[in-house]
Asker: 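Take a look at this one; I'll ask things after.
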2 protein chains.
Amino acid sequence: MKNGVGVAINRTGATIVDIARKLGVSAMTVSRALRGSQEVSDRTRRRVLRCAEELGYKPNRWARSLVTRQTSIIGVVVPDISHSFFAEVTRGLEEVVSRAGYNVLLCDSWLDVEKEKAEIEMLVSSMVDGLVIASEQSETSPQVFRKLKDSKIPFVLIDRFFPKQSFLAVVVDDLEVGRLATEHLVELGHTRIAHIQGPPISPASLRHRAYLDALRRHQIEVNRQWVRKGRFDIQSGREAMFALLGTKPRPTAVFAGNDPMGIGALYACREAGLRVPADISVVAAGNIEGAHHPNPFLTTIDWPREELGRAAGSLLLASIQEGSDQATDRVKKFAPRLLVRQSTAPPSA
Amino acid sequence: MKNGVGVAINRTGATIVDIARKLGVSAMTVSRALRGSQEVSDRTRRRVLRCAEELGYKPNRWARSLVTRQTSIIGVVVPDISHSFFAEVTRGLEEVVSRAGYNVLLCDSWLDVEKEKAEIEMLVSSMVDGLVIASEQSETSPQVFRKLKDSKIPFVLIDRFFPKQSFLAVVVDDLEVGRLATEHLVELGHTRIAHIQGPPISPASLRHRAYLDALRRHQIEVNRQWVRKGRFDIQSGREAMFALLGTKPRPTAVFAGNDPMGIGALYACREAGLRVPADISVVAAGNIEGAHHPNPFLTTIDWPREELGRAAGSLLLASIQEGSDQATDRVKKFAPRLLVRQSTAPPSA
DNA sequence: CTGTTAGCGCATTCAC
DNA sequence: GTGAATGCGCTAACAG
């Protein structure tokens, strides 16, 4: 009963109409003033702002979205937010887009391509202004993204490269990752070098390809038995390592496609009674934060993560501002670096 | 020109009106059919569903929100999504709420209480259906949440306890955390036990209190010099440890309030030329995934994280369904457990 | 500089 | 079972 000007009760909050009535102006004027339009006199604007303050007015962003067709929301889809890589990327992304007035609607696909598709659809029909996706779709299945591109909603792929497609993307130079890891082992003097390969997404494939290239470049035997497939998790790394330990001759060094698989490999070695790096060397990739990091501390390849997220945010914002057509197709690639720790050494024999 | 029934061009997508016109029924009937209302004949419903499919109709959730006053969005505020604890909690949370048809709007406060306040306000004015918050507000400053409670928007606090308040919350039993850590050192035979305390949020305070309680219970000297304050990060843990190493006599064991500070403490020991655990023992809390985990591998206290997130989600959903008034004030508390690894041992002397 | 008209897409309320 | 009228809160387009 404080304000006797007829502000309706039982309302969620004050609206521009409430302010307009109280001030005896039109709703349109209030709307303009609130958005800082130049078409309003300073005096009116001040009155409006003051009244809004008093009434505790908060704009209803969804009502606004309904007419402007913009939501100020960025949809983000990751396979696993609890994986430190995606968590850090998301943080960098959130930093950049929130600074620009956008919010992040986060979806975790749990590595499930179908769930991922559903989430992308949901985000599109939620009219997000842009999308950032780390996809689990096989690199040979760019259909989802071709369709998405048709929808004209700007989107940026993270850590994924689709051959022959021109999507906006922010990636790590995975050929360099594979090269660094493999050549590190070569330089230590290894010649029996195995590889635990990841699932059919570009980081795994490119690292594998670089592994093969590096061996060939150094005229080292490529033994098919020494390439095993994993799923980028600890368990599959462990299994792959056991398989590798069963080959004859046995490799003296292993390049695991990512850190979890590298950790799994270390576990397998320990269980098999082998010392790392005395008996066998292991290098991985990702420099993930791993509580399960066993001893020895894993030699790995590192690359920036928050920085990668920020780059994705910037690229997306640029694409949104340019308008959906302009958006020059671009891929931003980050360089990895080798982190030599304790799981690699020259071959013993 | 495929459909000659006058579907407007230049539209974002088909609307219920489009479907209605095409079928010669009212928009209302379409709306009902789409939502599976029982008040529509089977035949009509089928026709509507089929037509919606053909037109690629997607409901506009914001238009719906405008009238239902529900958004199907859960706002989440964390101090640092790249911290594995919050990342894992968020994952568990997302799992539960997404299954119930909600989406997560994620905000990272970067440990900044002002940014946090702004984000909460933003989420409230975005009419989220509920909030989950891991706050950096000092435990003596529950004002933000008292206000939030007045707003009748259901919210759940994570990993934070505000004395004398009755907010919904999901927490770790931090007194038990402190007890486990301290008694582990006591049982190893230590009597000169130091503590590196965290910032003024409940996990830090409760662990500190439990540390004091445990010492008193075992009639061990409480030396004020042996309690130092940190900020829950590596750097402050390192500094605090240096300070502790400068005291005389020097403690033989340290309980670091969380893992980053514990890791910082290990760094300090190494830099000071001390061996852990031979010269000094370190126990921490959190079992974080830490790439920077130095050797020796940190003995710490562990607790469930995704599970904690799921509990927060369930609690929030229940609160949303009960209606804002009913919401019984409840706190769900999880038990921690000790993980003995390599950074603790009996005192050498 | 300000106001009027119209409508974004949907659901509530009440008729029939 | 179905429909018409009405409004959620806001802004675009145009008129003054």
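Lettering of chains follows the sequences in order, A, B, ..., and the numbering in each one begins at 1. Hydrogens, waters and symmetry mates play no part in the numbers below; they use all other heavy atoms, side chains included.
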Asker: Between A:Y57 (OH) and D:dG9 (C1'), how many Å, whole number?
Answerer: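 After rounding, the reported distance stands at 8 Å.
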
Asker: Can a donor-acceptor pair be found, under 3.5 Å and without considering hydrogens, that links the side chain of B:E116 to the backbone of B:E136?
Answerer: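 Flag set: sc B:E116 to bb B:E136 pair under 3.5 Å.
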
Asker: Measure from the side-chain heavy atoms of A:P59 and tell me the nearest of D:dC10, C:dC1, C:dC10.
Answerer: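 The answer is D:dC10, which lies nearest to the side chain.
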
Asker: So how far off straight is the helix from C:dC1-D:dG16 to C:dC16-D:dG1, going by the axes through five pairs at either end, to 10°?
Answerer: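 The angle, to the nearest 10 degrees, is 30°.
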
Asker: Figure out the CG/P separation between B:L66 and D:dC10, and round it to whole Å.
Answerer: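 It works out to 9 Å between those atoms.
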
Asker: Would B:K149 and B:S166 count as a side-chain hydrogen bond (donor to acceptor under 3.5 Å, both in side chains) here? Give the steps.
Answerer: CA-CA 10 Å; B:K149 202 169 180 183; B:S166 60; 3.2 Å; yes

Asker: Below 4.0 angstrom, N of the basic side chain to O of the carboxylate: do A:E139 and A:R160 qualify?
Answerer: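 So A:E139 does not pair with A:R160 through a salt bridge.
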
Asker: Using modelled atom types and a 3.5 Å cut-off, is there a donor and acceptor pairing between side-chain atoms of B:R305 and backbone atoms of B:F85?
Answerer: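 No, B:R305 side chain to B:F85 backbone: no donor-acceptor pair under 3.5 Å.
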
Asker: Over how many whole Å does the gap from B:R61 atom CZ to C:dC8 atom C1' extend?
Answerer: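 Computing the B:R61:CZ to C:dC8:C1' distance gives 17 Å.
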
Asker: Do any of residues 24-37 of chain A sit with a heavy atom less than 4.0 Å from DNA chain D, and if so which?
Answerer: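 A:M28, A:S31, A:R35, in order of number.
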
Asker: Taking only the side-chain heavy atoms of B:R69 (C-beta and beyond), determine which of C:dC10, D:dC8, D:dC10 contains the nearest atom.
Answerer: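 For the B:R69 side chain, the nearest candidate turns out to be D:dC8.
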
Asker: Rounded to the Å, how far apart are B:L23 CG and D:dG3 C1'?
Answerer: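 Rounding to the nearest Å, CG of B:L23 and C1' of D:dG3 are 15 Å apart.
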
Asker: Does C:dA11 have OP1 or OP2 sitting under 4.0 Å from an N or O in the side chain of B:R64?
Answerer: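 Checking C:dA11 against B:R64, a side-chain N or O does come within under 4.0 Å of OP1 or OP2.
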
Asker: Between B:E54 and B:R50, does any side-chain N to carboxylate O distance fall below 4.0 Å?
Answerer: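 Answer for the salt bridge query: yes.
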
Asker: Just compare C:dC10, C:dC1, D:dC10 and give me whichever is closest to any side-chain atom of A:T15.
Answerer: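 The listed nucleotide nearest to A:T15's side chain is D:dC10.
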
Asker: Any luck finding a side-chain donor-acceptor pair between A:R69 and A:S65 under 3.5 Å?
Answerer: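 No pair is found: no donor N or O on one side chain lies under 3.5 Å from an acceptor on the other.
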
Asker: Compare side-chain N and O positions of A:S65 against OP1 and OP2 of C:dC8 and report whether any pair is under 4.0 Å apart.
Answerer: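 So the side chain of A:S65 is outside the cut-off, no N or O lying under 4.0 Å from OP1 or OP2 of C:dC8.
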
Asker: Is a donor on one side and an acceptor on the other found under 3.5 Å between the side chain of A:K115 and the backbone of A:D108?
Answerer: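 Looks like yes, one N/O pair under 3.5 Å.
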
Asker: Find the distance A:W62:CH2 to C:dG7:C1' and express it as a whole number of Å.
Answerer: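 Atom-to-atom, A:W62 to C:dG7, this comes out as 20 Å.
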
Asker: Could you say whether B:T44 or B:V67 is positioned toward the 5' end of DNA chain D, judged by the nucleotide with the nearest heavy atom to each?
Answerer: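 Result: B:T44.
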
Asker: May I ask you to check if B:R91 and A:W110 form a cation-pi contact, with NZ or CZ under 6.0 angstrom from the six-membered ring centre and within 45° of the axis?
Answerer: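 Verdict for A:W110: a cation-pi partner in B:R91.
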
Asker: Let me know the distance between CD1 of B:I16 and P of C:dT12, rounded to the nearest Å.
Answerer: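 Answer to the nearest Å: 11 Å.
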
Asker: More than 12 heavy atoms of other residues, nucleotides or ligands under 6.0 Å from CD of B:E53: yes or no?
Answerer: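 Not more than 12 within 6.0 Å, no.
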
Asker: Take atom CG of A:N60 and atom C1' of D:dG7, then tell me their distance rounded to the nearest Å.
Answerer: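 It is 13 Å, rounded to the nearest whole Å.
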
Asker: Looking at C:dG9, C:dT2, C:dA11, which one has an atom nearest to any side-chain atom of A:V40?
Answerer: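 Out of C:dG9, C:dT2, C:dA11, the nucleotide with an atom closest to A:V40's side chain is C:dT2.
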
